[in-house]
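Sequence lines set the chain letters: A, B, ... in the order given, protein chains first and strands last, and positions in each chain run from 1. Please read these numbers as outputs of a predicted model, since none were measured by experiment.
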Amino acid sequence: MIRLGYACIRLDSPNNPNKKTTVAQLQKLSPEARLKKLRQVLQTNFFNLMDIFAYNVENRIFLYRLPSEFVPLATHRITEDWDWAKEFTWDFDKAGAYMKKHRIRLTSHPGHYSILNTDNPNVLKSTIADFSYHARVFDLMGLDDNSVLVTHVGGVYNDKEASLQRFAEHFELLPENVKRRLVVENDDTSFSMIDVLTLCEQIGIPMVLDVHHHDCLNNGEDLYEYIPRILDTWGTRTPKFHFSSPKCESDFRSHADHIDPERFMEWVSRLSDYSFDVMLECKNKDDALLTLRREMKKAGFSPEGL
DNA sequence: TCGTGTCAAGATCTT
DNA sequence: AAGATCTTGACACGA
């Protein structure tokens with residue numbers, strides 16, 4: 001069984017669950033008006049989330065990434081007096097129940113400013129706070145540990161090996177509810193598939209293989225040789241991959257608007273023995289997913305789930 | 001209504 | 001040491 005998903009927003013909808021406000025805007029308001037504004041944004045995001053879930057189910061899409069901004073400025077000081085978890089208990093329950101009923105897998109990708117292997121204590125603190133926020137949202141929705149938080153290793157700081165080990169050390173400082181959800185993805189400039197696989201095996205957490213990043217950064221390793229080891233890191237959980245297509249030869253690292261169906265079908269057919277989820281990362285979001293499906297169908301390619 | 005500056009945040013490269 | 005870049009969409013404001 002192979003399931004496809006997309007990240008955060010529907011291409012043609014203005015009603016995505018990523019509405020936000022700014023600190024500057026909130027600072028102009030009285031404490032009461034500030035709370036009102038924050039509540040209004042989160043309520044809108046919940047409404048839009050339920051809407052996008054319904055759209056996804058209609059289109060048999062059961063993997064979806066929650067925008068990090070879902071709770072506006074959740075980790076910023078300006079919202080520290082706002083008990084959003086308590087105020088929105090009903091909405092969290094409702095979203096969780098809907099996902100359980102329809103078997104939707106929700107995941108998240110904390111922003112690139114959250115870096116667990118940082119050597120700066122303040123950055124470490126804000127990173128732990130950010131990861132904790134993401135985990136808390138999933139906890140409040142009652143989601144199981146297939147709802148993972150995907151992060152990268154982080155910076156190199158002129159010493160790759162030491163930076164990998166600092167990730168492992170800092171991982172031990174995380175609260176339990178973050179540890180049970182955190183997974184690491186290989187990136188396209190610093191930490192390769194081998195680096196991340198070794199790290200994940202050492203810590204005992206799952207690895208997300210990003211196929212495009214591997215194409216950007218590798219030492220000639222054959223991806224398919226490592227698939228069994230990567231899948232093993234997931235234990236009883238459902239493995240998850242990231243897939244995207246290069247924009248062009250001259251700008252290879254950038255994501256194309258769509259997924260190249262030939263490359264995708266070739267990759268999937270090499271993994272036909274396995275069950276897993278694939279997050280498609282490209283500008284055209286849900287449209288790219290539905291287009292890819294049509295192209296595969298046209299080519300007579302239809303593994304279970306797709 | 002439309003165009004534009006700004007946004008919570010870090011690492012790394014450039015000057 | 002300071003500034004630009006990465007990447008990137010959407011908010012908020014002023015024309």
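Taking atom P on both nucleotides, B:dT6 is separated from C:dG3 by 15 Å, rounded to a whole Å. For the P atoms, the distance from B:dA8 to C:dA12 is 11 Å, rounded to whole Å.
As rounded to whole Å, 15 Å separates atom P of C:dC11 from atom CG of A:Leu38. Taking atom CG on A:Leu124 and atom P on B:dG10, their separation rounds to 13 Å, with Å as the unit. Per the geometry, CG belonging to A:Asn284 stands 11 Å off P belonging to C:dG9, to the nearest Å.
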>> Assess the residue pair A:Tyr113 and A:Val123 against the criterion (side chain to side chain contact (heavy atoms under 4.5 Å, CB included)); give the C-alpha distance rounded to whole Å, side-chain angles, the decisive distance to 0.1 Å, and a yes or no.
In response: CA-CA 9 Å; A:Tyr113 292 106; A:Val123 175; over 6 Å; no
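Cation-pi geometry between A:Arg3 and A:Phe62 is not met at under 6.0 angstrom from the ring centre and within 45 degrees of the axis.
The 5' end of DNA chain B is approached more closely, in terms of each residue's nearest nucleotide, by A:Asp130 than by the other of A:Asp130 and A:Asn120.
Proximity of residues 65-77 of chain A to DNA chain B (heavy atom under 4.0 angstrom from any strand atom) is restricted to A:Thr75, A:His76. DNA chain B is contacted by A:Thr22, A:Val23 of residues 15-27 of chain A, taking any non-hydrogen atom closer than 4.0 Å.
A:Gly111 comes within 4.0 angstrom of nothing in the nucleic acid, heavy atoms only.
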>> Using a 4.0 Å heavy-atom cut-off to protein, can you give one letter per nucleotide of nucleotides 2-8 of chain C, 5' to 3': B if the base is in contact, S if only the sugar-phosphate is, - if neither?
In response: -----S-
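Using cut-offs of 30° and 60° for the angle between ring planes, the A:His152 and A:His109 rings count as tilted. Between A:Trp267 and A:Phe241, the ring planes lie perpendicular to each other; the angle is over 60°, past the 30° to 60° tilted range.
With 3.5 Å as the limit, one finds a donor-acceptor pair spanning the side chains of A:Asp195 and A:Ser192.
Look at C:dT8: it lacks any Watson-Crick or wobble partner with both distances under 3.5 angstrom. A 3.5 Å limit on both hydrogen-bonding distances identifies no Watson-Crick or G-U partner for B:dA8.
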